[in-house]
Amino acid sequence: MSNTVYAILGDIHANWDALEAVLSDAERHNVGQFVCVGDVVGYNAEPVRCLEKIRELGCLTVKGNHDHYCANPDISLSDFHPMAASVVSWTREQLSDEQQDFLRNLPYVERFAGVTMVHSTLDMPEKWGYVFDTLEADAHFSYQSTPACVYGHTHVPVLFERRETVVRAPFKQVKVALGKRYFINVGSVGQPRDLDPRAAYTLYDSKTRTFELQRVEYDIARAQACIREAGLPDRLAQRLALGK
Ligand code: ZN
């Protein structure tokens, strides 16, 4: 039986507890295929487990900036915030050469069911620009040729809709209408930053052409304990409980 429901995961960031909770929630929604808008690793303490799960699921994945830096040990981290740099170095040590190869070879842009996916923006995806406002979304839209495109990177679920102008709206649910373009941030599985600490991901039903944001409770205390046990900065554990 072919299934038309896709689960779009993004910014998992090595948070196994959040990923596990999202996957069991997706099972309840009868998901047939998983896709990922990037940043499987970085920030949290279980990169190998998360990466191997994504591969086992046959999850179509695009490259995120953390995937890029964690898979390229030769790139200097001197421009990085010290906290981010320490996690990237730690993650590089956890990943095998083969796992780094896998991340390094991820594409910047992919398509599934007529939907484009990118980590940051189609406006120079390898530069990792952030799309928070309508001006940035407008620059992105000049490159978007499918009705809908999904992304991550900011960890804040949001919907940009282009009609005559670009309109920004909170993202909960949207049905793709003819003649419009949509750029949708699917939320972050492993490090939400919209002040809601629950894991976020998005369902897409290709039959009804509807995207719907999901929020899932998970064992934040366990994810925090893993971060502390790994000796990663405590701020990374604290922020999970705050959703920022
Ligand atoms: Zn991220």
Side-chain angles (χ1 to χ4, degrees), residues 7-19 22 34-51 53-54 59 61-72 75 77 79-92 94-95 100 103-104 106-110 117-132 136 140 149-158 171 183-202 213 215-216 218 220 223 227 232-233 235-240 242-244:
I8 311 166
L9 317 179
D11 296 281
I12 296 164
H13 281 301
N15 186 335
W16 171 256
D17 300 283
L19 178 59
V22 160
F34 291 89
V35 300
C36 176
V37 298
D39 274 1
V40 178
V41 302
Y43 287 130
N44 297 295
E46 299 191 80
V48 169
R49 217 171 168 190
C50 290
L51 178 58
K53 189 65 188 181
I54 286 303
C59 184
T61 305
V62 291
K63 192 191 291 185
N65 52 323
H66 286 257
D67 303 323
H68 174 72
Y69 288 106
C70 293
N72 286 284
I75 300 178
L77 300 174
D79 290 347
F80 265 59
H81 186 282
M83 183 176 76
S86 73
V87 189
V88 172
S89 320
W90 180 86
T91 305
R92 285 172 174 174
Q94 312 302 310
L95 300 171
Q100 292 192 7
L103 290 174
R104 212 168 21 243
L106 289 174
Y108 287 100
V109 180
E110 264 295 356
M117 48 198 273
V118 66
H119 184 63
S120 54
T121 161
L122 290 179
D123 175 20
M124 297 187 286
E126 73 291 345
K127 297 271 189 240
W128 314 115
Y130 289 88
V131 177
F132 282 111
E136 292 150 352
H140 156 89
C149 177
V150 289
Y151 77 111
H153 201 34
T154 64
H155 301 202
V156 177
V158 66
F171 169 51
F183 189 36
I184 304 165
N185 190 299
V186 296
S188 168
V189 171
Q191 195 194 74
R193 293 180 194 158
D194 60 342
L195 303 179
D196 181 344
R198 292 176 298 168
Y201 77 105
T202 292
L213 182 69
R215 296 312 283 248
V216 186
Y218 75 96
I220 292 177
I227 289 170
L232 294 170
R235 167 88 182 87
L236 293 171
Q238 292 165 26
R239 71 189 301 177
L240 290 181
L242 305 172
K244 68 178 205 183

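In each ligand, atom 1 is the first atom listed, and ligand 1 is the first ligand listed.
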How are the rings of Trp128 and Tyr108 set relative to one another: parallel (under 30°), tilted (30 to 60°) or perpendicular (over 60°)? tilted
Taking 4.0 angstrom as the limit, do Arg215 and Asp194 come out as a salt bridge? yes
Contacts of Ala71 that satisfy side chain to side chain contact (heavy atoms under 4.5 Å, CB included) - sequence neighbours left out: Gln100, Leu103, Arg104
Pairing residues for His140 by the side chain to side chain donor-acceptor pair (under 3.5 Å) criterion, not counting sequence neighbours: Gln144
Applying ring-ring contact (aromatic ring centres under 6.0 Å, His included), can you list everything that pairs with Tyr130, at least two apart in sequence or on another chain? His153
Are there any protein N/O/S atoms under 2.8 Å from the Zn ion (ligand 1), and if so, which?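 N, O, S partners closer than 2.8 Å: Asp11 OD1, His13 NE2, Asp39 OD2, His155 NE2.
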Do His68 and His119 have ring centres separated by under 6.0 Å?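 So the answer is no for these two rings.
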